Amino acid sequence: MIINPYESAKKKIDIAAELINLDPNTLEYLKKTERALIVSVPIMMDDGSLEIFEGYRVHHSTLRGPGKGGVRFSPFVTLDEMKALALLMTFKTALLGLPLGGSKGGIRVDTKKLSNRELEVLTRRYTMEIINMIGPDRDVAAPDMYTDSTTMAWMMDTYSMQKGRTISGVVTGKPIDIGGSIGRAEAPGTGMIYLLRHLCQKLNYNLNKMSVVIQGFGKVGSVVAKQLCNNSCNVIAISEEEGGIYSPTGLDIDMLIKWKQQGNLLKDYESKNSSPITNAELLSTECDVLIPAAVENQIYSGNADKIDCKIILEGANSPTTSQADEILEEKEIVVVPDIIANSGGVCVSYFEYIQDMQSYFWKLDRVNKEMKTILLYSFEEIFKFSKKTDSSLRTAAYAISANRLAKAHELRGLFP
Ligand code: GLU
């Protein structure tokens with residue numbers, strides 16, 4: 001079954017809107033995309049041939065401030081995926097109370113097939129093509145799947161060259177030497193650990209004794225796995241696109257990180273106590289905490305009934321469909337939704353943005369302390385609202401954001 005990501009994202013707003021009796025006009029307004037740009041990105045390949053890639057930048061909403069959202073390079077990027085992820089960003093920034101909107105961009109490309117030079121020219125040409133959509137007071141980009149601090153450095157440099165001066169606030173997630181924030185790279189994972197520890201305290205679970213399964217070993221999955229091991233949790237399974245590895249007694253994450261750095265696949269790792277596992281098997285592995293930290297729609301109506309855990313902590317954006325949500329609710333699995341679970345990333349992006357504006361850079365303990373305050377405060381709001389309205393954490397989170405966006409819409413009024 002093919003799930004349209006934009007339709008799926010809008011469904012989540014519909015459910016929340018019903019809970020809070022949102023005015024139908026406002027609901028329509030909140031579901032629409034403010035603007036979307038489709039660009040062709042031509043580049044000269046190393047072999048002298050010309051390749052043209054399709055790229056996008058989408059502003060879902062700038063109601064509460066400049067757009068904010070990542071740039072994704074993946075073979076599966078489509079306009080509807082960008083619209084869905086931009087909408088998610090609007091609800092994520094509103095939920096944290098940040099003075100930002102929501103946006104997303106990307107290029108449909110398999111970066112594994114590009115040389116470093118090809119990747120750099122692709123990034124720079126893409127930045128040039130979307131230059132009128134971005135800027136510190138318009139829309140601030142950041143890393144997402146298959147983009148990183150190097151991508152952000154190229155984007156910042158291209159933008160600055162065009163404007164004739166260094167403008168570091170156009171992107172976040174930059175290298176620290178050129179205006180990046182300390183703690184930003186690890187922020188989604190760090191935030192997830194703060195939230196998980198807090199939730200476990202509330203539910204009277206002992207985090208240190210919990211078994212954890214993680215789908216994804218990228219920027220989010222690997223950081224969270226390492227931090228969980230530091231907390232003496234048992235990470236019993238972890239995977240990447242090609243498959244994963246399972247050990248009932250717990251995996252040695254430091255060894256696996258080294259193994260990956262040597263260019264190997266997780267499933268090829270051999271040890272006495274571990275065995276390879278497919279992504280489908282991984283998702284139905286019995287555990288205390290399941291962390292989907294890969295791509296969208298991994299938990300859907302076809303596999304939700306096989307999920308065997310107490311808590312789902314969504315590291316990826318939109319890993320669970322609305323139909324799956326209903327099944328998980330019946331099974332009484334607590335789902336910590338993406339818009340709060342992985343929001344440490346955009347939270348520290350916001351800190352980076354204000355540090356750039358002020359040319360004053362914080363120390364790591366300030367970054368983490370302020371992130372923790374914002375995340376736990378938002379989580380408490382969601383938790384209380386979900387109890388009060390007898391709704392899931394996801395519906396409560398969307399409802400809180402929808403209320404904030406509706407208020408901003410009402411206060412600003414409609415132009416002209
Ligand atoms: N791509 C990340 C996300 O989906 C970070 C966005 C940002 O920092 O602006 O939340």
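Everything numeric here is computed off the predicted structure, so don't read it as measured data. One-based numbering, in listed order, for ligands and for the atoms of each. Starting from 1, each residue takes its place in the sequence as its number.
- When the options K104, K219, R184 are ranked by their closest heavy atom to atom 5 (C) of ligand 1, first place goes to R184.
- Geometrically, ligand 1 and N317 share a nitrogen or oxygen pair separated by less than 3.5 Å.
- For a threshold of 3.5 Å applied to N or O pairs, the pair formed by A142 and ligand 1 contains no separation below that value.
- Both cation-pi conditions hold for K372 and Y194: the charged atom is under 6.0 angstrom from the six-membered ring centre and inside a 45 degree cone around its axis.
- Residue P143 places a heavy atom less than 4.0 Å from ligand 1.
- Taking every non-hydrogen atom of K68 and a distance limit under 4.0 Å, the qualifying atoms of ligand 1 come out as 7 (C), 8 (O), 9 (O).
- Taking 4.0 Å as the cut-off between side-chain N and carboxylate O, E352 and R184 do not count as a salt-bridged pair.
- Counting only heavy atoms of the protein, atom 8 (O) of ligand 1 lies nearest to S349 OG, 2.6 Å.
- One finds a salt bridge joining D254 and K226 here, because a Lys/Arg side-chain nitrogen approaches an Asp/Glu carboxylate oxygen to under 4.0 Å.
- Closest to atom 6 (C) of ligand 1, if we only count protein heavy atoms, is M89 CE, 3.7 Å.
- A donor-acceptor pair is defined here as one N or O able to donate and one able to accept, closer than 3.5 Å; no such pair exists between the side chain of S8 and the backbone of N4.
- Residue D46 qualifies as enclosed at atom CG: its count of foreign heavy atoms under 6.0 Å is above 12.
- Looking only at heavy atoms of the protein, atom 1 (N) of ligand 1 is closest to D144 OD1, 2.8 Å.
- By the 30° and 60° cut-offs, the orientation of the rings of H60 relative to F91 is tilted.
- Shortest contact from atom 3 (C) of ligand 1 to any protein heavy atom: K92 NZ, 3.4 Å.
- At most 12 non-hydrogen atoms from other residues, nucleotides or ligands lie less than 6.0 angstrom from CD of E286.
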